[in-house]
Amino acid sequence: MEDLVARLREAKASAKLVGKAPAFQQVIECLPRIATSDVTALVTGETGTGKELVARSIHYLSPRAAMPFVPVNCGALPDTLLESELFGHERGAFTDAHASKCGLIALAEKGTLFLDEVESLSPKAQVTLLRVLQDKKYRAIGSTVERTVDVRVIAATNAPLEELIEEGTFRSDLYYRLKVLIIHMPPLRDRGRDILLLANHFLKKHIPQGRELLHLSDAAQSAMLAYDWPGNVRQLENTIVRAIHMCRAKTIDVQDLGIPAMLTNGRAQPTDEPVEYGSFREMKQKVVESFESDYLKQLMQEHQGNITRAATAAGKDRRDLGKMLKKYGIDPRSYAALLARLGLAKFSYDELFNTLENLMRTITF
Ligand SMILES: Nc1ncnc2c1ncn2[C@@H]1O[C@H](COP(=O)(O)OP(=O)(O)O)[C@@H](O)[C@H]1O
Ligand SMILES: [Mg+2]
């Protein structure tokens with residue numbers, strides 16, 4: 001039984017990490033050791049490189065796996081709200097605090113707290129976090145009671161923290177506490193043929209049930225290998241999702257990808273597809289729009305149309321996200337999953353998994 005739970009965990013932790021490039025493999029090979037070490041870790045890398053996925057893998061490979069993994073996007077909320085979300089507050093601590101509320105840090109008890117975009121923490125929140133890391137202690141807003149907490153903190157950033165320290169916006173003592181272990185995620189453009197490996201992985205993952213598997217034409221493959229992928233794996237996944245919907249044949253061709261040849265890094269030969277160039281501005285605008293639209297659709301899919309959760313994950317203001325969805329004519333309601341329609345929207349994948357895992361523990365053979 002324990003073995004089965006362990007295997008389930010392992011499958012969950014590693015199944016989704018696709019890639020063979022040496023720089024990526026180095027990261028993967030360290031994960032089990034990092035997982036058992038229980039020290040604070042900092043994951044760095046551009047947006048979409050898999051920082052959160054790696055943090056989750058560390059958690060699910062660690063002895064804390066049966067306890068919650070709680071992701072917090074520090075850039076998504078204004079200072080005051082973030083602090084009360086993270087540390088909780090007492091009733092009456094501020095005008096809207098009608099009842100006391102437990103913070104995310106308490107929800108992560110005995111589990112892992114994932115602080116994404118950690119560079120956006122306010123100076124005050126930085127001090128509080130430092131205290132948590134040093135003494136495992138914190139106070140809820142408006143509370144005089146000091147609480148002790150047992151969490152592992154994994155932070156992530158795509159900002160140059162050392163520069164921010166020089167500018168005086170990030171505390172150096174917090175930085176040294178966070179970077180006990182540093183994991184750097186290489187950008188996708190430096191992972192060579194992993195681009196195709198990932199593309200095929202996403203083709204299988206996103207093909208609608210009952211539809212025949214699609215393939216990438218040679219020209220599409222060269223275009224993908226030559227492209228810079230500023231949005232990294234997330235952008236690649238969105239590109240594939242879009243291509244699946246655009247493509248009417250069995251083979252995905254360059255035009256189904258929507259990546260402009262002119263923004264490639266020039267390593268591969270241009271394809272023989274005729275490409276119509278507009279001005280740089282027009283082309284850039286098109287790429288940005290296509291990226292935004294794909295990103296939003298993927299985001300809605302991942303969060304089943306829940307704008308609040310999607311906004312938190314994307315690090316955007318809820319209202320701004322709403323406006324963007326409107327701009328691209330995306331209706332969040334159409335992304336509500338079956339579970340949500342059945343009134344079970346509060347179950348995330350993690351919760352379902354944990355429930356299943358707990359259920360399996362209670363079964364005796
Ligand atoms: N190596 C990988 N294999 C499979 N999927 C990946 C890989 N890296 C990233 N992804 C997927 O790409 C998307 C972006 O990854 P994420 O961890 O959110 O990136 P980041 O936190 O760096 O912005 C997610 O959907 C994730 O599952
Ligand atoms: Mg992220």
Side-chain angles (χ1 to χ4, degrees), residues 10-31 34 41-61 69-77 112-121 154-161 182-207 224 229-242 244 291-292 294-304 309-316 321 335 348-350 353:
E10 192 139 346
K12 193 187 176 218
S14 59
K16 293 182 289 178
L17 284 164
V18 177
K20 288 189 180 159
F24 180 75
Q25 272 304 316
Q26 263 178 0
V27 173
I28 302 305
E29 278 161 24
C30 295
L31 292 184
I34 295 177
L42 177 66
V43 194
T44 61
E46 292 176 15
T47 181
T49 44
K51 297 187 292 298
E52 179 160 351
L53 195 57
V54 157
R56 275 179 197 275
S57 308
I58 294 173
H59 171 75
Y60 285 107
L61 287 170
F69 174 86
V70 178
V72 185
N73 188 328
C74 305
L77 297 166
T112 305
L113 183 70
F114 175 60
L115 298 176
D116 203 359
E117 296 186 24
V118 72
E119 76 282 357
S120 4
L121 285 179
I154 302 182
T157 186
N158 57 21
L161 287 186
I182 286 204
I183 305 152
H184 180 69
M185 300 306 294
L188 183 58
R189 63 186 158 281
D190 291 346
R191 296 191 211 170
R193 296 187 72 80
D194 274 9
I195 294 174
L196 300 180
L197 216 59
L198 279 157
N200 285 313
H201 165 72
F202 292 132
L203 274 173
K204 286 196 200 108
K205 178 176 164 193
H206 294 292
I207 193 84
M224 294 184 87
W229 300 106
N232 294 292
V233 185
R234 181 178 297 111
Q235 187 191 5
L236 174 66
E237 183 164 14
N238 292 337
T239 301
I240 294 295
V241 170
R242 175 196 145 106
I244 290 175
F291 175 73
E292 284 184 347
D294 290 347
Y295 179 89
L296 293 171
K297 284 180 192 156
Q298 176 77 19
L299 192 67
M300 284 298 106
Q301 205 172 331
E302 266 174 33
H303 297 280
Q304 291 148 13
R309 267 193 287 140
T312 308
K316 288 211 73 77
L321 181 65
Y335 288 86
S348 69
Y349 176 70
D350 277 326
F353 179 84

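Just so you know, ligand 1 is whichever comes first in the structure, and atom 1 is the first atom listed for that ligand.
The side chain to side chain donor-acceptor pair (under 3.5 Å) check on Asn232 picks up Glu46, with sequence neighbours excluded. Remark: Glu119 engages no residue in a salt bridge (charged side-chain N to carboxylate O under 4.0 Å, His left out) (not counting sequence neighbours).
In terms of protein heavy atoms, atom 18 (O) of ligand 1 is closest to Arg234 NH2, 3.0 Å. Taking atom 21 (O) of ligand 1 as the reference point, the nearest protein heavy-atom neighbour is Glu52 N, 3.1 Å. Among all non-hydrogen protein atoms, the one lying nearest atom 27 (O) of ligand 1 is Leu53 CD2, 3.7 Å. If you check which protein heavy atom lies closest to atom 25 (O) of ligand 1, you get Glu237 OE1, 3.0 Å. Of the protein's heavy atoms, Val233 CG1, 3.5 Å lies nearest to atom 12 (O) of ligand 1. With respect to atom 5 (N) of ligand 1, the closest heavy atom belonging to the protein is Lys16 O, 3.4 Å. Summary of contacts: the protein heavy atom closest to atom 19 (O) of ligand 1 is Gly50 N, 3.1 Å.
Distance alone, capped at 3.5 Å, is enough to place a donor-acceptor pair between the Trp229 side chain and the Met224 backbone. In terms of modelled atom types and a separation under 3.5 Å, the side chain of Arg191 and the main chain of Pro186 share a donor-acceptor contact. Formation of a donor-acceptor pair under 3.5 Å by the Lys51 side chain with backbone atoms of Gly45 is found in this model.
Taking a cut-off of under 4.0 Å to the non-hydrogen atoms of Glu302, the atoms of ligand 1 that pass are 25 (O). Near Phe202, with a cut-off below 4.0 Å to any heavy atom, the atoms of ligand 1 are 5 (N). Contact atoms of ligand 1 toward Phe24: 1 (N) (distance under 4.0 Å to a heavy atom of the residue). When each atom of ligand 1 is checked for a heavy atom of Gly48 under 4.0 Å away, the hits are 19 (O), 20 (P), 22 (O), 23 (O).
Shortest non-hydrogen contact noted between Val118 and Thr157 is CG1-CB, 4.2 Å. A pairwise comparison of heavy atoms in Asp194 and Gly19 identifies OD2-CA, 3.3 Å as the closest pair. In plain terms, the two heavy atoms of Ala314 and Leu299 that are nearest each other are CB-CD2, 3.7 Å. In plain terms, the two heavy atoms of Leu321 and Leu296 that are nearest each other are CD1-CD2, 3.5 Å.
Only the side chain of Leu198 comes within contact range of ligand 1, with a heavy atom under 4.0 Å; no backbone atom does.
Note: an N/O pair closer than 3.5 Å links Val18 and ligand 1 by distance alone. Inclusion of Lys51 in the set of residues having an N or O under 3.5 Å from an N or O of ligand 1 is warranted. Annotation: Thr49 places an N or O atom under 3.5 Å from an N or O atom of ligand 1; distance criterion only.
Ring planes of Phe69 and Phe114: parallel class, angle under 30° (limits at 30 and 60°).
Note: Met185 CE to Asn158 CG = 13.0 Å, rounded to the nearest 0.5 Å.
Using a 4.0 Å cutoff on heavy atoms, Gln298 does not count as a contact of ligand 1. Every heavy atom of Gly19 sits 4.0 Å or more from the atoms of ligand 1.
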